[in-house]
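Report on one structure; see the data block that follows.
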Amino acid sequence: MRSKRKWSDVFGCAFEGIIHSLRTERNLRIHVLAGILVVLAALFFQLPLRDIALLLVMIALVICTELLNTAIEKAVDLISPDWHKLAKIAKDAAAAAVLVAAIISVLVAVLLFYQPVMSWLGMI
Ligand SMILES: Nc1ncnc2c1ncn2[C@@H]1O[C@H](COP(=O)(O)OP(=O)(O)OP(=O)(O)O)[C@@H](O)[C@H]1O
């Protein structure tokens, strides 16, 4: 089925989703702040553009999984306000997606920052 929604409506809904999630989800705010700090650190240590691009991809991955986690949580709360085994599986899997993205992002950041930080500290 072809959607008749205007582009401005599509962007408007997406923007509302971001604002609502930022207002209500503490973990998302932490991830956005961490992402900003990582980009500032990458600029400070003058990482190559390719490394900065990789960091941006990882930051986007974490923020997107966090947004999807919020979407799944809300949908599950709507469908299953009471305790249900499948609701637990859905929410736990969504939370696990954020955790995996966050862990891999930290590993990528450590690999990319290791050499420049050590050299800045005069340790190599
Ligand atoms: N309806 C439910 N049925 C079964 N288990 C649930 C249900 N709601 C929540 N849980 C369990 O509680 C955990 C926490 O769920 P909750 O909705 O409170 O998310 P949260 O961890 O507080 O997320 P966030 O902090 O990102 O808002 C879930 O991962 C799940 O294990």
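Counting starts at 1 for both ligands and their atoms, following the listed order.
Annotation: the span from I52 atom CD1 to F45 atom CZ amounts to 12.5 Å, rounded to 0.5 Å. Taken to the nearest 0.5 Å, the CG atom of L61 stands 9.5 Å off from the CD1 atom of I104. The distance from the CG atom of L37 to the CD1 atom of I59 is 9.5 Å, given to the nearest 0.5 Å. Between atom CG of residue N27 and atom CD1 of residue I63 there is a gap of 12.5 Å, rounded to the nearest 0.5 Å. We find the NZ-CG distance between K74 and N69 to be 9.5 Å, quoted to the nearest 0.5 Å. Between the CZ atom of F113 and the CZ atom of F44 there is a distance of 11.0 Å, given to the nearest 0.5 Å.
Of all atoms in ligand 1, listed by their number and element, those nearer than 4.0 Å to a heavy atom of A87 are 1 (N), 2 (C), 3 (N). Residue contact check: D92 has heavy atoms under 4.0 Å from atoms 28 (C), 29 (O), 30 (C), 31 (O) of ligand 1. Numbered from 1 in the order shown, with element, the atoms of ligand 1 that lie under 4.0 Å from a heavy atom of E25 read 24 (P), 26 (O), 27 (O). Of all atoms in ligand 1, numbered sequentially from 1 with element shown, those under 4.0 Å from a heavy atom of S80 are 1 (N). Near H84, meaning under 4.0 Å from any of its heavy atoms, are these atoms of ligand 1: 3 (N), 4 (C).
For E73, a nitrogen or oxygen atom sits less than 3.5 Å from a nitrogen or oxygen atom of ligand 1, counting backbone and side chain alike. Polar contact with ligand 1: absent for D77 (N/O pair, distance under 3.5 Å).
Closer than 4.0 Å to atom 18 (O) of ligand 1 lies none of the heavy atoms of the protein. In this structure, atom 2 (C) of ligand 1 has protein heavy atoms in its sub-4.0 angstrom surroundings. Distance check on atom 12 (O) of ligand 1: every protein heavy atom falls at or beyond the 4.0 Å cut-off.
Heavy atoms of A95 stay at 4.0 angstrom or farther from ligand 1.
Of all protein heavy atoms, the one lying nearest to atom 15 (O) of ligand 1 is K91 CD, 3.8 Å. From the protein, the heavy atom lying nearest to atom 25 (O) of ligand 1 is N27 ND2, 4.2 Å.
Contacts of D82 with ligand 1, taken as heavy-atom pairs under 4.0 Å, involve the backbone alone.
Residue pairs that meet the side-chain hydrogen bond (donor to acceptor under 3.5 Å, both in side chains) test with at least one member in residues 28-57, sequence neighbours left out, are H31-E66. Residue pairs meeting the side-chain hydrogen bond (donor to acceptor under 3.5 Å, both in side chains) criterion with at least one member in residues 82-107, sequence neighbours excluded, are D77-K91, K88-D92.
Counted within 6.0 Å of CG on L49, heavy atoms from surrounding residues, nucleotides or ligands total 12 or fewer; the atom is thus considered open.
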